[in-house]
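Computed from a prediction, not measured in an experiment: that's the story for all the values here. Numbering starts at 1 and runs along the sequence shown.
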Amino acid sequence: MAKNKGLRPILTLECTECRTNPDKRSNGVSRYTTTKNRRNTPNRLELKKYCRHCNRHTIHKEVK
């Protein structure tokens, strides 16, 4: 009985402001890992998470 591993993939969320802003507080990009259900959310995931480098809550988008 093998599970279908393609339904809930592990994905990486990356801070959009750290990636685009060269004048940020420190080097690095905030990243989180999570899973999603492909049937319920087929589009790219966007969540508001805390960024250590920006020192505030920012939009984190799914990256490949």
Side-chain angles (χ1 to χ4, degrees):
M1 289 201 172
K3 273 191 165 181
N4 185 2
K5 294 186 179 187
L7 188 60
R8 292 193 70 84
I10 297 174
L11 53 98
T12 304
L13 300 174
E14 189 173 87
C15 178
T16 56
E17 293 189 21
C18 285
R19 191 172 22 169
T20 58
N21 189 4
D23 301 328
K24 57 187 172 188
R25 185 172 66 95
S26 66
N27 293 334
V29 176
S30 174
R31 290 192 175 147
Y32 287 93
T33 58
T34 186
T35 61
K36 74 171 184 177
N37 189 332
R38 280 196 192 162
R39 285 189 196 148
N40 296 339
T41 54
N43 301 332
R44 295 238 173 183
L45 193 62
E46 290 184 12
L47 294 175
K48 202 165 190 180
K49 304 285 280 181
Y50 180 75
C51 177
R52 299 182 309 187
H53 303 288
C54 298
N55 248 3
R56 58 195 175 106
H57 285 81
T58 58
I59 299 289
H60 284 65
K61 290 187 179 181
E62 176 183 343
V63 294
K64 276 196 169 182

Mind checking side-chain contact (heavy atoms from CB on, under 4.5 Å) for [X] and listing every partner two or more places apart, or none if nothing turns up?
| X | value |
| --- | --- |
| S30 | C15, Y32, C51, H53, H60 |
| N37 | L7, R8, R39, N40 |
| E62 | L11, L13, K36, R44, L45 |

- Item | side-chain contact (heavy atoms from CB on, under 4.5 Å) between T58 and Y50, worked out | CA-CA 6 Å; T58 58; Y50 180 75; over 6 Å; no
- When rounded to the nearest 0.5 angstrom, what is the spacing between NE2 in H57 and CD in E17? 12.5 Å
